[in-house]
Amino acid sequence: AYMWRDLERRAARHGIAYRKPSRYPPENVLLTARIGVLAAREEWCRPFTERTFVLHWTEDRMIGTEDNLDTVLRSLGHAPEAVVARAQTA
């Protein structure tokens with residue numbers, strides 16, 4: 001309970017919209033992590049990470065879902081299908 005209240009306080013202090021996710025912790029985040037590694041190699045990790053978490057913490061879009069990843073990747077100018085295919089390679 002304290003963690004949720006602390007998140008509310010921190011968001012308010014920084015003027016950030018906040019909405020408690022309906023499920024926590026998120027499940028099936030391996031693909032998101034793999035995309036993050038790819039993004040780090042290509043130097044777009046920070047915007048990828050920030051936008052992924054914004055959708056999770058403000059719109060309740062679960063990290064790792066096709067909806068979240070598709071929206072984030074498109075907003076960054078990437079073709080989701082191509083990024084996912086590259087992220088799933090060895």
Side-chain angles (χ1 to χ4, degrees):
Y2 180 81
M3 178 188 83
W4 297 117
R5 181 64 188 121
D6 189 46
L7 286 169
E8 291 172 4
R9 283 192 296 263
R10 287 174 186 234
R13 180 177 39 206
H14 295 287
I16 299 170
Y18 167 78
R19 178 175 162 195
K20 181 180 175 183
S22 57
R23 287 181 293 146
Y24 188 84
E27 300 171 355
N28 303 320
V29 296
L30 179 59
L31 179 58
T32 306
R34 292 180 67 107
I35 293 172
V37 170
L38 175 67
R41 290 181 181 157
E42 297 179 359
E43 300 184 1
W44 49 275
C45 187
R46 183 176 181 140
F48 171 74
T49 303
E50 288 175 349
R51 292 178 185 182
T52 298
F53 278 86
V54 162
L55 291 178
H56 179 68
W57 292 104
T58 65
E59 297 183 21
D60 196 23
R61 295 195 200 186
M62 290 294 116
I63 294 170
T65 61
E66 185 176 337
D67 175 53
N68 184 304
L69 294 173
D70 187 72
T71 299
V72 171
L73 292 170
R74 287 184 192 286
S75 77
L76 296 174
H78 297 284
E81 300 82 10
V83 171
V84 167
R86 288 184 10 239
Q88 292 177 324
T89 64

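Numbers here are sequence positions counted from 1.
Counting non-hydrogen atoms of neighbouring residues, nucleotides and ligands closer than 6.0 angstrom, the CD atom of E66 reaches no more than 12 such neighbours. Dense packing is recorded around CD of E81, with more than 12 heavy atoms of other residues, nucleotides or ligands lying under 6.0 Å away. The environment of CZ in R9 is crowded: more than 12 heavy-atom neighbours from other residues, nucleotides or ligands sit within 6.0 Å.
Scanning both residues, P47 and L76, for their nearest heavy atoms gives CB-CD2, 3.7 Å. Considering all non-hydrogen atoms of both residues, C45 and G36 come closest at SG-O, 3.6 Å. Nearest heavy atom pair, residue L38 against residue A87, reads CD2-N, 4.2 Å. Closest approach of Y18 and T58 over heavy atoms only: N-CG2, 4.3 Å. Of all heavy-atom pairs spanning R34 and Q88, the tightest one is NH2-C, 3.4 Å. Here the closest heavy-atom approach between residue R61 and residue T71 is recorded as NH1-OG1, 2.7 Å.
For the atom pair CG (L7) and NZ (K20), the distance works out to 10.0 Å, reported to the nearest 0.5 Å. With rounding to the nearest 0.5 Å, the separation of CD in E8 from CE in M3 is 10.5 Å. Note that CZ of R23 is 11.0 Å distant from CD1 of I63, once rounded to the nearest 0.5 Å.
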Please determine whether side-chain contact (heavy atoms from CB on, under 4.5 Å) holds for the pair T52 and I35, giving the CA-CA distance in whole Å, both sets of side-chain angles, and the decisive distance to 0.1 Å. CA-CA 11 Å; T52 298; I35 293 172; over 6 Å; no

List the steps and the verdict of side-chain contact (heavy atoms from CB on, under 4.5 Å) for F48 and L69. CA-CA 9 Å; F48 171 74; L69 294 173; 4.0 Å; yes

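Contacts of R19 classified as side-chain contact (heavy atoms from CB on, under 4.5 Å), with partners at least two apart in sequence or in another chain: D60. Looking at residues two or more places apart in sequence or on another chain, you find a side-chain contact (heavy atoms from CB on, under 4.5 Å) between I16 and A11, H14.
L31 and M62 are not part of a single hydrophobic cluster, where members link through side-chain heavy atoms under 4.5 Å apart. Under the 4.5 Å side-chain heavy-atom criterion for Ile, Leu, Val, Met, Phe, Trp and Tyr, V84 and L55 are members of the same hydrophobic cluster. Y24 and V29 fall within a single hydrophobic cluster, where Ile, Leu, Val, Met, Phe, Trp and Tyr are joined by side-chain heavy atoms under 4.5 Å apart, directly or via other members.
Between R41 and R86, every side-chain heavy-atom pair lies at or beyond the 4.5 Å cut-off. Contact check for H78 versus W44: side-chain heavy atoms found under the 4.5 Å cut-off.
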